[in-house]
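For reference, the structure is listed below as structure tokens.
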Amino acid sequence: MARLAQTHGLTDIQQEIVSTVRDFVDKEIIPVATELEHRDEYPQQIVDGLKELGLFGLMIPEEYGGLGESLLTYALCVEEIARGWMSVSGIINTHFIVAYLLKQHGTQEQKDTFLPKMALGEVRGAFSMSEPGLGSDVAAITSKAVKEGDEYVLNGQKMWLTNGGTSTLVAVLVRSDEGHSPSEAAAAPHRSMTTFLVEKEPGFGEVRPGLTIPGKIDKMGYKGVDTTELIMDGLRIPANRVLGGVTGRGFYQMMDGVEVGRVNVAARGCGVAQRAFELGVRYAQQRHTFGKQIAQHQAIQFKLAEMATKVEAAHAMMVNAARKKDSGERNDLEAGMAKYLASEYCKEVVEDAFRIHGGYGFSKEYEIERLYREAPMLLIGEGTAEIQKMIIGRRLLEEYRFQG
Ligand SMILES: Cc1cc2nc3c(=O)[nH]c(=O)nc-3n(C[C@H](O)[C@H](O)[C@H](O)COP(=O)(O)OP(=O)(O)OC[C@H]3O[C@@H](n4cnc5c(N)ncnc54)[C@H](O)[C@@H]3O)c2cc1C
């Protein structure tokens, strides 16, 4: 049988990378994922394996020791990894976004300092926009940086920091009203934000003077990977750790990072949906009711048909969004659509696979139980469905402006 979600037109190198990752996922991730997830255990051995494969440097340019691969190659690897365990793709994702931010917006000194170590996985990235009082409304950020001599002093509380404990370099978005009067800053909040590159020790507690990572947030799913708060209380950051060297650009830098992150979340949705389909189609041929396999009941076959169609459609949109970015074109519309569709379809495919499992889907012994708790995260991360629809809607009105 031809597998679902094939990608045509890949180079030999892309095919080799993706099939190596797929083998790794089948051998090293799938057999242990559910057990580690139930224990909420960090998958150190898997992370070490990914380091060896060079995945932390996949999109980092070769001149900095990375593999210099495209967004498409990256997204296809993420799809494979999420098929094995979504949390592992989360470990790579924030690292990838910070490396992308440095590549696109960093000063030469910042690139030279961080990218080679990031390519090896020695420096590990996380990014922090959300606060207890906001997520979607990034412009409402209240954490603040104030300049004192050659340094900035940062204060405020951040929320939902994926890899908050394990990372050693956090891109933190804060308000810095420098050069703006309070009324100007209020009128253009996007222009008074700055991204700081905050180096820290891994772990919990006070990881640098003025910076505390309190502990892991207990989550419904997406376990194994640490998600934390981040508290800045008089945190001093030198001026040369302002991303790109100039204040006031942080909002636009972060939005650029989140845009490639959306392709990545779409890829995660594709991977989880593929796994759910695999589990559903297998179980449907094992379970018998009323004298035949449940797969032979038309209602179940229809479910499988719908699931497979969704897997194909989501994959095609995700690949299209990645290719558009790789060609140098603006891809916010395609990335928003791919993220929206892939995350919604993922949730639906997982639910259908769960229903096919009958009562056993409710048992922790079956992998689908884990997927059922993981899929909802994709509806939220990197912008909720409502935010994607706002982006899509605005872009459509730009493209289809009524000229009457
Ligand atoms: C496991 C996990 C990991 C995360 N990791 C990170 C991370 O690494 N870094 C980081 O910065 N953040 C991270 N986040 C935060 C995430 O980006 C936010 O949760 C998300 O953006 C939504 O923000 P919110 O939770 O504040 O919801 P809100 O913004 O409060 O939204 C609540 C509801 O209102 C809807 N809504 C909001 N505004 C509108 C509007 N204008 N029109 C219509 N509906 C609207 C939303 O769609 C949602 O349904 C993570 C979150 C989770 C759960």
Side-chain angles (χ1 to χ4, degrees), residues 1-6 18-19 21-40 43 46 76-90 220-225 265-289 292-315 318 341-379:
M1 180 196 98
R3 267 188 45 230
L4 290 175
Q6 299 285 318
V18 176
S19 91
V21 173
R22 190 178 177 87
D23 282 352
F24 181 82
V25 167
D26 284 335
K27 291 194 189 108
E28 310 292 336
I29 300 187
I30 289 180
V32 297
T34 299
E35 207 183 315
L36 289 175
E37 200 267 354
H38 289 168
R39 292 205 300 265
D40 197 6
I46 294 173
L76 294 174
C77 291
V78 166
E79 183 180 38
E80 295 296 346
I81 292 169
R83 178 182 153 266
W85 185 10
M86 211 264 283
S87 296
V88 178
S89 62
M220 154 181 150
Y222 198 40
K223 290 176 184 277
V225 56
V265 174
R268 289 155 86 175
C270 293
V272 174
Q274 273 174 49
R275 185 66 187 157
F277 174 77
E278 288 169 12
L279 296 173
V281 78
R282 187 172 71 197
Y283 189 83
Q285 294 167 82
Q286 291 168 334
R287 184 73 173 171
H288 289 73
T289 67
K292 54 182 170 182
Q293 287 179 355
I294 59 170
Q296 296 309 321
H297 296 302
Q298 194 182 49
I300 298 293
Q301 263 181 36
F302 277 13
K303 256 194 215 313
L304 294 172
E306 285 164 14
M307 291 159 73
T309 307
K310 287 173 182 171
V311 166
E312 282 292 285
H315 178 80
M318 179 274 286
L341 186 105
S343 57
E344 295 290 330
Y345 275 4
C346 171
K347 180 202 65 167
E348 291 169 17
V349 171
V350 167
E351 171 149 356
D352 275 344
F354 169 80
R355 287 172 191 260
I356 286 172
H357 280 73
Y360 289 100
F362 216 64
S363 160
K364 277 190 174 285
E365 273 184 43
Y366 284 75
E367 201 177 324
I368 192 64
E369 180 271 344
R370 169 169 65 78
L371 271 54
Y372 196 85
R373 289 181 289 103
E374 287 175 340
M377 151 61 191
L378 300 170
L379 301 170

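The figures here come from the full heavy-atom set of this structure, side chains too, leaving out hydrogens, waters and symmetry mates. In this text, all values refer to a predicted model and were calculated from it rather than measured experimentally.
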Could I get the full list of salt bridge (charged side-chain N to carboxylate O under 4.0 Å, His left out) partners for [X], not counting sequence neighbours?
| X | answer |
| --- | --- |
| E367 | R275, R370 |
| K364 | E369 |
| D23 | none |

What is the distance from atom [atom1] of [X] to atom [atom2] of [Y], rounded to the nearest 0.5 Å?
| X | Y | atom1 | atom2 | result |
| --- | --- | --- | --- | --- |
| H297 | H288 | NE2 | NE2 | 9.5 Å |
| Y283 | I294 | OH | CD1 | 6.5 Å |
| R373 | E37 | CZ | CD | 4.0 Å |
| D40 | H38 | CG | NE2 | 11.0 Å |
| E278 | L4 | CD | CG | 8.5 Å |
| E80 | Q274 | CD | CD | 6.5 Å |

Other residues, nucleotides, ligands: >12 heavy atoms within 6.0 Å of Q286 CD: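 Yes, the 6.0 Å shell around CD holds more than 12 heavy atoms from other groups.
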Answer yes or no: is there a donor N or O on one side and an acceptor on the other, between the side chain of E79 and the main chain of R268, under 3.5 Å?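 Side chain of E79 to backbone of R268, a donor-acceptor pair under 3.5 Å: no, none is there.
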Are any side-chain N or O atoms of Q285 and backbone N or O atoms of V281, one a donor and one an acceptor, separated by less than 3.5 Å?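 Yes, because the side chain of Q285 sits within donor-acceptor range (under 3.5 Å) of the backbone of V281.
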Whether E35 and R39 form a salt bridge (side-chain N of Lys/Arg under 4.0 Å from carboxylate O of Asp/Glu) is what I want to check.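 Between E35 and R39 there is a salt bridge, with a charged N closer than 4.0 Å to a carboxylate O.
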Can a salt bridge be assigned to the pair E351 and R355 using a cut-off of 4.0 Å between side-chain N and carboxylate O?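 Looking at R355 together with E351, the answer is yes, because their closest N to O distance falls below 4.0 Å.
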Identify the two heavy atoms, one from [X] and one from [Y], that lie closest to each other, and give their separation to 0.1 Å.
| X | Y | value |
| --- | --- | --- |
| A295 | I300 | CA-CG2, 4.0 Å |
| L379 | S343 | CD2-O, 3.5 Å |
| A375 | V350 | CB-CG2, 4.1 Å |
| A82 | S89 | CB-OG, 4.0 Å |
| A273 | V349 | O-CG1, 3.5 Å |
| G84 | V25 | CA-CG1, 3.5 Å |

Measuring only between side-chain heavy atoms, which start at C-beta, is [X] closer than 4.5 Å to [Y]?
| X | Y | answer |
| --- | --- | --- |
| I356 | L304 | yes |
| I46 | F24 | yes |
| K347 | L378 | no |

Output all residues satisfying side chain to side chain contact (heavy atoms under 4.5 Å, CB included) with F354, sequence neighbours left out; order by chain, then residue number.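 Once residues adjacent in sequence are excluded, the partners of F354 under the side chain to side chain contact (heavy atoms under 4.5 Å, CB included) criterion are F362, I368, Y372.
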Among all residues two or more places apart in sequence or in another chain, which pass the side chain to side chain contact (heavy atoms under 4.5 Å, CB included) test with S87?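 W85, Y222, V225, E374.
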Listing request: all side chain to side chain donor-acceptor pair (under 3.5 Å) pairs with a residue in residues 301-310, at least two apart in sequence or in separate chains.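 Pairs touching residues 301-310 that pass the test: K310-E348.
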What verdict does the side-chain contact (heavy atoms from CB on, under 4.5 Å) test give for L76 and M318, after you've listed the backbone C-alpha separation in whole Å, the side-chain angles of each residue and the deciding distance to 0.1 Å? CA-CA 9 Å; L76 294 174; M318 179 274 286; 4.2 Å; yes
Could you go through the side-chain contact (heavy atoms from CB on, under 4.5 Å) check for L279 and R282 one step at a time? CA-CA 5 Å; L279 296 173; R282 187 172 71 197; 3.7 Å; yes
